[in-house]
Amino acid sequence: MVSHKKDKKNNNATSSTTTPEDDNNKKPISRTAQKMKEKLKELKSKNATSSVQLPSNFYNKQRTLLLSSRGILAKHRHLMKDLSNLLPHIKKEGKIAKEASNEEKQEDKHLHRLQKIEHIATANKCPNILYFETNRESLSHDLFLWLAKTSIGPSLQFKVENISTMNELNLIGNCLKYSRPLLHFDKNFDGIEGDKSTVHLPLIKELLTQVFSTPFNHPKSKPFFDHIFSFYYLDGRVWFRNYQIVTKKSSSGVALTGTHKHEYTLVEIGPRFVLELVKILSGSFDGRIIYNNDPNFVSKTESTTEMNEQIRRSKESRKHNKRHFVNYTADTHVDEINSVFYQ
């Protein structure tokens with residue numbers, strides 16, 4: 001019995017041991033797999049040492065929907081193309097017809113044309129909207145821009161003026177595509193205390209930062225800054241400029257060193273445009289009008305109160321006239337027979 005047990009142990013030992021022939025038969029690990037393993041080890045070590053641990057594929061998913069209405073001019077299309085080349089988080093969408101077909105009218109009777117844009121934005125997971133529209137019936141072909149936040153609002157309508165695209169300007173400034181921009185705002189955007197004409201400017205500043213700023217760690221964006229978006233408020237309008245950040249050089253063309261190493265200059269790239277605010281809505285393409293730039297504008301509540309006051313006055317005047325007529329007829333008794341013979 002003992003010898004039999006020893007034989008079993010010997011068999012197990014022989015089965016567990018491997019020969020050099022078996023090692024040669026194993027498939028060797030490829031170099032790419034080894035590199036991937038090394039990278040995973042490095043990432044694990046970095047995540048362990050870092051205080052804020054974020055997943056490697058994390059980024060701020062703030063998209064901006066860019067679309068337009070039918071009938072825009074070629075210059076307007078070029079402006080939209082320049083904006084899409086500057087902003088990596090842009091999501092393009094086809095043109096929207098102002099007049100829907102009969103089938104669409106039957107399906108979406110309760111939806112306004114602008115409210116349909118909000119549904120498109122939510123379907124594409126875009127919290128910000130840039131919508132260009134124009135009126136082909138007018139001779140001037142004015143371009144209007146809507147800046148809006150989905151579901152919560154607000155919505156800002158601007159009239160776009162003095163458009164100059166990159167191809168028209170042909171400036172010497174240049175920047176890498178989808179590089180991160182710095183945002184610069186004039187001090188007027190912070191608002192002036194006691195000045196009611198600048199109360200809406202902080203809201204415009206907040207919405208412009210959310211639309212034009214590149215999200216953190218976006219996969220298409222470059223990890224450095226080489227240009228700056230500048231917004232200036234002058235004459236009741238918002239002026240947009242795009243500049244390249246360039247280090248200063250000496251007269252011989254060599255980069256400066258020492259104390260002058262970090263001196264920079266700005267070279268304009270383009271495009272250029274001016275935004276004149278028309279109105280601000282509380283919701284996303286709907287809601288009450290918070291601000292209107294028209295000096296002769298009368299809000300709906302004021303107009304309704306004025307109409308009700310006019311109706312009330314007209315009713316009071318009718319009652320007064322009726323009472324006066326009844327009192328007059330009661331005081332002056334008329335004999336019907338005398339009225340027949342004496343006329």
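The side-chain hydrogen bond (donor to acceptor under 3.5 Å, both in side chains) analysis of residues 175-186, with sequence neighbours excluded, yields the pairs Ser179-Asp226, Ser179-His227, Asp186-Asn188. Residue pairs satisfying the side-chain hydrogen bond (donor to acceptor under 3.5 Å, both in side chains) criterion with at least one member in residues 74-85, sequence neighbours excluded, are absent.
With sequence neighbours excluded, the residues forming a side-chain contact (heavy atoms from CB on, under 4.5 Å) with Leu266 are Ile228, Tyr243, Ile245, listed by chain and number. Under the rule for a side-chain hydrogen bond (donor to acceptor under 3.5 Å, both in side chains), Gln244 has no partner lying at least two apart in sequence or in another chain. Every side-chain contact (heavy atoms from CB on, under 4.5 Å) that Asp190 has, sequence neighbours left out, goes to Lys205. Residues that satisfy the ring pair (Phe, Tyr, Trp, His ring centres under 6.0 Å) test with Tyr233, not counting sequence neighbours, are absent from this structure. Every residue meeting the salt bridge (charged side-chain N to carboxylate O under 4.0 Å, His left out) condition with Arg313, not counting sequence neighbours, appears here in chain and number order: Glu309. For Glu316, the side-chain hydrogen bond (donor to acceptor under 3.5 Å, both in side chains) partners are Arg312, not counting sequence neighbours. Looking at residues two or more places apart in sequence or on another chain, you find a side-chain hydrogen bond (donor to acceptor under 3.5 Å, both in side chains) between Asn124 and Glu93.
Taking the ring centroids of Phe229 and Phe240, they lie under the 6.0 Å cut-off. You'll find the ring centres of Phe231 and Phe189 outside the 6.0 Å limit.
Scanning all heavy atoms of the two residues, the minimum distance from Ile290 to Ser282 falls at CD1-CA, 3.5 Å. Among all heavy-atom pairs drawn from Leu65 and Ile117, the shortest one is CD2-O, 4.3 Å. Residues His200 and Leu277 share a closest heavy-atom pair of CD2-CD2, 3.4 Å. Closest heavy-atom contact between Lys95 and Arg70: CB-CG, 3.9 Å. Contact detail for Asp142 and Thr134: the closest heavy-atom pair is O-OG1, 2.9 Å. Closest of all the heavy-atom pairs between Cys126 and Lys91 is SG-CB, 3.8 Å.
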Throw together a table of side-chain donor-acceptor distances under 3.5 angstrom for residues 150-162, partners on residues two or more places apart or in other chains.
unit_1	atom_1	unit_2	atom_2	d
Ser155	OG	Gly283	O	2.7
Ser155	OG	Phe285	N	2.7
Glu161	OE1	Arg237	NE	3.1

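Considering only heavy atoms from C-beta on, Ser284 stays 4.5 Å or farther from Lys149 through its side chain. Taking the side chain as every heavy atom from C-beta outward, Glu268 and Asn242 never approach each other to under 4.5 Å. His141 is listed as a side-chain neighbour of Leu73, based on a closest heavy-atom distance under 4.5 Å. Two residues are said to be in side-chain contact when any heavy atoms from C-beta on lie closer than 4.5 Å; Ile96 and Leu67 meet this criterion. Looking at heavy atoms from C-beta onward, Phe273 lies out of side-chain contact with Thr165 at the 4.5 angstrom threshold. Between Pro271 and Ser164 there is no side-chain heavy-atom pair separated by less than 4.5 Å. Using a 4.5 Å heavy-atom threshold, the side chains of Leu86 and Phe212 count as separate.
Residue Leu176 shares its hydrophobic cluster (ILVMFWY side chains chained together at separations under 4.5 Å) with Phe224. Hydrophobic cluster of Leu169: the remaining members, joined at side-chain heavy-atom separations below 4.5 Å, are Leu171, listed by chain and number.
Atoms NE2 and OG, on His218 and Ser213 in that order, are 11.5 Å from each other to the nearest 0.5 Å. In this structure, the separation between CD1 on Ile280 and CG on Asn292 is 9.5 Å, given to the nearest 0.5 Å.
The closest side-chain donor-acceptor pair between Lys279 and Asn293, if any, does not fall under 3.5 angstrom.
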